[in-house]
Number of protein chains: 2
Amino acid sequence: MSKLPSLKNLSYLLALHQHQNFNRAAQACHVSQSTLSSGIQNLEEQLGCQLIERDHKSFLFTGMGEEVVDQARRILTATEELLYFAQSQGKIMEGPLRMGCIPTIAPFILGDLSKSLQRNYNKLSLNIREDTTANLLHLLRNGELDVVVLALPMDIQGNQSYVLGRDPFKLVMHKQLAESLAEPIDYSQLPDQSIFLLEREHCLTGHAVAACELAESVKINPFTATSLHSLVQMADAGRGATFIPQMAIDRGILNGTDLVALQPKGQQASREIGLVYRPTTNRRQTFRKLAECIADLLPERLLQ
Amino acid sequence: MSKLPSLKNLSYLLALHQHQNFNRAAQACHVSQSTLSSGIQNLEEQLGCQLIERDHKSFLFTGMGEEVVDQARRILTATEELLYFAQSQGKIMEGPLRMGCIPTIAPFILGDLSKSLQRNYNKLSLNIREDTTANLLHLLRNGELDVVVLALPMDIQGNQSYVLGRDPFKLVMHKQLAESLAEPIDYSQLPDQSIFLLEREHCLTGHAVAACELAESVKINPFTATSLHSLVQMADAGRGATFIPQMAIDRGILNGTDLVALQPKGQQASREIGLVYRPTTNRRQTFRKLAECIADLLPERLLQ
DNA sequence: AAAAATGAATTGATAATTCCGATTATCATA
DNA sequence: TATGATAATCGGAATTATCAATTCATTTTT
């Protein structure tokens with residue numbers, strides 16, 4: 001069996017892939033350009049295949065190179081985790097924790113969460129990244145995040161998760177509109193284009209549509225919002241309706257508007273909030289405690 | 001950030017864990033005892049924690065040591081796979097392939113499988129390990145096997161799988177017993193202790209009991225068989241009944257006995273045959289082709 | 001068109017490391 | 001008290017990694 005490639009050389013390859021330039025990659029690795037260059041050549045020799053096509057000046061990763069990069073990233077992430085795990089043994093709630101969160105959850109838990117963590121685990125330094133579900137899962141996979149908070153159900157791509165709690169959707173409607181309608185409210189009573197939704201990228205849109213059994217409908221306004229806060233403003237200004245998660249209402253997102261929250265039809269219109277992590281992690285204890293903290297902030301706790 | 005532990009030192013730790021002796025571990029790694037010894041110390045320093053408790057003569061892995069071993073094994077397996085993958089690029093059906101198979105499947109496919117592989121992919125060298133489901137999954141996890149063939153449904157513990165085909169169970173019964181019973185046969189007609197089964201460890205027992213809706217029953221003979229072949233012999237000699245998978249019958253397991261195969265009651269009494277591999281593998285193409293070969297040998301092919 | 005700048009490979013000297021063999025220390029057992 | 005087994009330690013030899021400087025080939029600027 002031939003010799004295994006060294007982690008150092010694999011990390012050089014990753015840096016080169018990230019920076020697409022030998023000098024900058026070398027700087028990032030705190031080594032000279034020549035070191036990185038020969039490291040890559042070394043790797044190609046050990047692996048017995050070409051990883052980058054050199055083109056006298058520039059270069060391009062080969063297909064094989066890209067694949068090796070992916071695999072190398074996994075190996076390095078696992079090794080970093082091992083190191084971190086060993087070094088912080090016993091201290092499961094200390095040090096940095098990189099958490100991702102989707103924008104329809106983040107504003108409504110982060111304040112309380114950081115207060116709670118500060119009180120109970122003041123040596124934990126929580127680092128937050130707010131982004132879409134797809135991007136967060138990608139960052140999780142690449143080892144750039146330790147854990148992400150998502151709305152479920154959702155394909156979490158081989159990752160593992162804790163289900164933290166349920167967050168019901170409320171039908172939020174302008175006072176005037178609500179008064180003009182008979183209860184219980186049937187969506188067919190609503191004027192055309194009176195339902196406002198978030199942009200497609202937000203999984204909340206899909207969850208709300210599914211949970212409330214709204215098909216593609218003329219009731220839906222073609223203008224979409226980019227955040228829950230602007231969604232509320234649009235529904236208010238447009239004297240229309242929308243769906244807002246309970247946790248946002250609890251944090252006062254409707255304050256200062258003429259909107260009222262009603263129970264939507266459809267049994268149990270809600271999303272679940274989940275904490276997702278890599279199956280290969282060794283920080284389950286940390287995530288478990290974090291899960292407890294977050295679950296305590298949710299409208300309906302589900303964590304067993 | 002501190003320096004990552006080297007793969008070499010991690011492999012020393014694994015060897016030490018396996019051999020529980022510095023000299024033998026060093027031999028296995030083709031290094032001197034002193035090298036291995038200082039490698040371990042080095043590792044402990046880098047990780048900032050004690051991995052083995054020294055007891056002036058012998059030693060013992062600490063809890064942390066055991067955990068590090070597990071994680072290290074995953075890292076090394078991933079790296080070996082990367083090396084293998086790169087070195088054999090394009091040659092997906094060449095070189096060694098370590099396959100595990102449970103004993104109630106192995107004897108009935110291996111002959112035809114190795115013929116088929118020899119004909120189509122003669123550079124592939126198939127290495128077989130026959131063992132229980134639990135052991136095979138353990139070896140798969142540890143990187144000692146590349147792929148395993150199991151009966152499903154089964155908890156495959158975060159691994160991935162192809163479903164290859166369905167293998168129906170037949171109710172196999174001694175001629176005399178069959179003649180004495182009215183068709184269609186109801187298990188309540190059978191004499192007490194007339195149903196023979198395999199030992200518990202064999203998942204076939206569970207599958208057959210579940211599929212044929214046999215509860216814990218006085219009909220079941222307390223003596224259990226250790227292989228399908230001896231199960232057949234016991235049913236024959238005891239003038240009783242048992243359940244045998246179609247693939248075994250197709251390969252003539254009933255030849256030379258006074259047993260007849262009947263359709264058991266219960267809709268679709270069968271097991272599925274699956275090919276299971278690590279989610280982190282990079283040999284999916286290889287496994288896919290192997291899956292094709294095996295699926296072609298099964299009574300009912302399911303692979304899409 | 002010439003000059004300057006850019007980017008990667010190469011070179012040669014030097015620093016760091018790995019590795020081995022020999023030795024030592026400790027204990028169990030004959 | 002020897003003897004044997006085991007792991008740690010030490011010192012030097014061999015190997016490897018790294019850097020600064022240079023080269024080579026392009027691209028950009030003047």
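Because the structure is predicted, anything quoted here is derived from the model rather than measured. Per chain, numbering begins at 1; letters A, B, ... match sequence-line order.
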Kindly indicate whether the side chain of A:Gln33 and the base of C:dA9 share any N or O donor-acceptor pair separated by less than 3.5 Å? yes

For a salt bridge (Lys or Arg N to Asp or Glu O under 4.0 Å) check, start with the C-alpha distance between A:Arg278 and A:Glu81, then their side-chain angles and the critical distance, and finish with the verdict. CA-CA 11 Å; A:Arg278 282 184 295 278; A:Glu81 284 192 340; 2.4 Å; yes

Whole angstrom value for the distance that separates P of D:dA8 from CD of B:Glu53: 13 Å

Please work out which residues in residues 14-23 of chain B have a non-hydrogen atom less than 4.0 Å from an atom of DNA chain D and list them by number. B:Asn21, B:Phe22, B:Asn23

On the nucleotide D:dA7, are OP1 or OP2 found under 4.0 Å from the side-chain N or O atoms that B:Arg54 carries? no

Just to confirm, is there a sub-4.0 Å distance from OP1 or OP2 of C:dC19 to any side-chain nitrogen or oxygen of B:Lys8? yes

Roughly how many Å is it from CG in B:Leu43 to P in D:dA8, rounded to a whole number? 13 Å

In whole angstrom, what separates A:Gln27's CD from D:dA20's P? 12 Å

Report yes if a donor N or O on one partner sits less than 3.5 Å from an acceptor N or O on the other, where the partners are the side chain of A:Ser38 and the base of C:dA9; otherwise report no. no

From the candidates C:dA8, D:dT18, C:dG21, the one with an atom nearest any side-chain atom of B:Ser34 is C:dG21

In whole Å, I'd like the distance from the CG atom of A:Asn42 to the P atom of D:dT15. 16 Å

Mind calculating the distance between CD (B:Glu45) and P (C:dT18) to the nearest angstrom? 12 Å

Rounded to the Å, how far apart are A:Leu36 CG and D:dC19 P? 10 Å

Between P of C:dA8 and OH of A:Tyr12, the distance in whole Å: 16 Å

Once the angle between the rings of A:Tyr277 and A:Tyr162 is folded into 0 to 90°, is it parallel (under 30°), tilted (30 to 60°) or perpendicular (over 60°)? tilted

Is a donor on one side and an acceptor on the other found under 3.5 Å between the side chain of B:Gln87 and the backbone of B:Tyr84? no

Starting at the 5' end of DNA chain D, which residue's closest nucleotide do you reach first, A:His30 or B:Ile52? B:Ile52

Would you say a side-chain N or O of B:Gln41 is under 4.0 Å from OP1 or OP2 of D:dT9? yes

Pick from A:Met64, A:Gln71, A:Glu66: which one makes a side-chain contact (heavy atoms from CB on, under 4.5 Å) with A:Val68? A:Met64

Can you find a pair of side-chain heavy atoms, one from B:Arg283 and one from B:Asp146, that are under 4.5 Å apart? yes

With a 4.0 Å cutoff (strictly under), does any side-chain N or O of A:Ser32 reach OP1 or OP2 of D:dC19? yes

Figure out the CG/C1' separation between A:Leu10 and D:dA17, and round it to whole Å. 16 Å

Output yes when at least one side-chain N/O atom of B:Ser37 is less than 4.0 Å from OP1 or OP2 of D:dA7, else no. no

Step by step, work out the salt bridge (Lys or Arg N to Asp or Glu O under 4.0 Å) result for B:Glu44 and B:Arg54. CA-CA 13 Å; B:Glu44 287 185 308; B:Arg54 280 108 172 142; 2.8 Å; yes

Taking the side chain as C-beta and beyond, is there a heavy-atom pair between B:Thr226 and B:Leu198 under 4.5 Å? no

